[in-house]
Amino acid sequence: MPSFDVVSELNHHEVENAVDQASRELESRFDFRGTGAKFERVATEVTLEAPAEFQLNQMLDILKLKLTKRGVDLVCLEIKDAEVNLARARQKVLLREGIDAENAKKIQRAIKDSKLKVQASIQGDKLRVVGKSRDELQEAMALLRQQKLEVALQFNNFRD
């Protein structure tokens, strides 16, 4: 039986490259020179630090631009509120991976409601979609691409 997996994964190498490029742009920009503004990446969290809140917004725009250019979907970003005091402003951006149970059920429901002859089963942080023919699986992929979800979806492990 042909099948594929629906996952939500980040390319950590591309994220690291995007953060490095954003840091280099901060160093070269005149309005950030000497301010001590910086990006810090630890695992799946990027911390933006600057002297003022309006600079955080500019840094966030730079980061989003660099991530987009590197092919990272911005849907995976969870932007926290800025923490501002008199001296510094700090903001955390979380990088989400995996499909949580709520979104997995939405995907499973969308496949079931579409009346396609495929079965979707939740397996941890991914979904396995099984069908009788390759064409039905491709229709299911097209259906999922059209859905508006809070996670970035990739399709892998396609077995014929």
Side-chain angles (χ1 to χ4, degrees), residues 3-85 87-111 114 120 122-129 137-158:
S3 67
F4 68 89
D5 291 337
V6 180
V7 296
S8 179
E9 297 176 342
L10 282 174
N11 186 341
H12 292 285
H13 186 67
E14 293 296 339
V15 171
E16 185 69 34
N17 287 340
V19 172
D20 287 343
Q21 286 179 346
S23 295
R24 276 190 252 120
E25 185 171 330
L26 277 187
E27 293 170 4
S28 66
R29 280 183 53 162
F30 180 77
D31 55 341
F32 283 102
R33 201 168 289 151
T35 61
K38 62 183 176 181
F39 291 99
E40 288 181 20
R41 180 176 179 262
V42 179
T44 60
E45 183 178 292
V46 179
T47 305
L48 289 63
E49 194 171 323
E53 188 174 4
F54 77 92
Q55 289 177 326
L56 283 180
N57 294 333
Q58 293 174 342
M59 291 173 64
L60 190 59
D61 289 341
I62 293 169
L63 181 63
K64 285 180 179 180
L65 178 71
K66 298 301 179 185
L67 286 169
T68 303
K69 283 186 177 179
R70 302 299 295 187
V72 178
D73 197 350
L74 295 182
V75 176
C76 68
L77 297 180
E78 184 179 335
I79 301 167
K80 298 291 186 180
D81 292 333
E83 304 165 8
V84 182
N85 60 23
R88 301 294 285 167
R90 178 177 289 146
Q91 188 171 20
K92 294 183 188 250
V93 177
L94 301 177
L95 305 168
R96 293 182 292 185
E97 274 191 302
I99 301 174
D100 60 333
E102 180 182 324
N103 284 320
K105 287 179 184 176
K106 284 181 187 177
I107 294 168
Q108 194 175 28
R109 174 61 50 199
I111 290 173
S114 70
I122 301 171
Q123 297 180 344
D125 60 349
K126 65 181 178 180
L127 269 86
R128 167 92 23 106
V129 180
L137 292 179
Q138 289 175 342
E139 288 176 26
M141 284 182 191
L143 172 79
L144 293 177
R145 284 190 185 106
Q146 294 172 355
Q147 297 292 317
K148 301 292 183 205
L149 299 168
E150 296 93 35
V151 292
L153 297 180
Q154 293 90 30
F155 308 105
N156 65 12
N157 203 14
F158 191 91

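- For the salt bridge (charged side-chain N to carboxylate O under 4.0 Å, His left out) with E25, the qualifying choice from K66, K38, K69 is K66, the only one to do so.
- Atom CZ of R29 is surrounded by more than 12 heavy atoms from other residues, nucleotides or ligands within 6.0 Å.
- Using a 4.5 Å heavy-atom cutoff, the side chains of V72 and N11 are not in contact.
- Residues that satisfy the side chain to side chain donor-acceptor pair (under 3.5 Å) test with K105, not counting sequence neighbours, are absent from this structure.
- F155 is listed as a side-chain neighbour of V6, based on a closest heavy-atom distance under 4.5 Å.
- Smallest separation of non-hydrogen atoms from C76 and D73: SG-O, 2.9 Å.
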Intermediate values then yes/no, side chain to side chain contact (heavy atoms under 4.5 Å, CB included), N17 and E14: CA-CA 5 Å; N17 287 340; E14 293 296 339; 4.2 Å; yes
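- No side-chain heavy atom of I107 sits less than 4.5 Å from a side-chain heavy atom of I122.
- Put simply, the side chain of E83 never gets that close to the backbone of R90: no donor and acceptor are under 3.5 Å apart.
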Residue pair N156, K126: steps toward the side chain to side chain contact (heavy atoms under 4.5 Å, CB included) verdict: CA-CA 10 Å; N156 65 12; K126 65 181 178 180; over 6 Å; no
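- With I79 as reference, L60 is the one residue of L48, V46, L60 to meet the side chain to side chain contact (heavy atoms under 4.5 Å, CB included) rule.
- Counting only distance, with no hydrogens or angles, the side chain of R96 and the backbone of A152 share no donor-acceptor pair below 3.5 Å.
- Considering only heavy atoms from C-beta on, Q147 stays 4.5 Å or farther from L153 through its side chain.
- Rounding to the nearest 0.5 angstrom, the gap separating the CZ atom in F39 from the CD atom in E49 is 11.5 Å.
- The shortest heavy-atom contact between Q154 and E9 is OE1-N, 2.8 Å.
- When all heavy atoms are compared, the tightest approach of L67 to A18 is CD2-CB, 3.6 Å.
- For the pair D5 and L127, the minimum side-chain heavy-atom distance is 4.5 Å or more.
- In this structure, D31 places its CG atom where more than 12 heavy-atom neighbours from other residues, nucleotides or ligands lie under 6.0 Å away.
- With a 4.5 Å cut-off on side-chain heavy atoms, P51 and R88 count as touching.
- For the side chain to side chain contact (heavy atoms under 4.5 Å, CB included) criterion with L26, the lone passing option out of R33, Q21, M59, Q55 is M59.
- Residues V19 and L63 have side chains in contact (heavy-atom distance under 4.5 Å, counting atoms from C-beta outward).
- Taking every heavy atom of both residues into account, L137 and S3 meet most closely at CD1-N, 3.5 Å.
- One finds the CG atom of L10 at 12.5 Å from the CD atom of E16 (value rounded to the nearest 0.5 Å).
- No donor-acceptor pair closer than 3.5 Å links the side chain of E78 to the backbone N or O of L94.
- For residues 50-63, no pair satisfies salt bridge (Lys or Arg N to Asp or Glu O under 4.0 Å), with sequence neighbours left out.
- Atom-to-atom distance recorded for I99:CD1 and Q108:CD is 11.0 Å, nearest 0.5 angstrom.
- Nearest heavy atoms, V129 versus A140: CG1-CB, 4.5 Å.
- Atom OG1 of T68 is separated from atom CG of L65 by 6.5 Å, given to the nearest 0.5 angstrom.
- Side-chain atoms of Q91 come within 3.5 Å of backbone N or O of K80 as a donor-acceptor pair.
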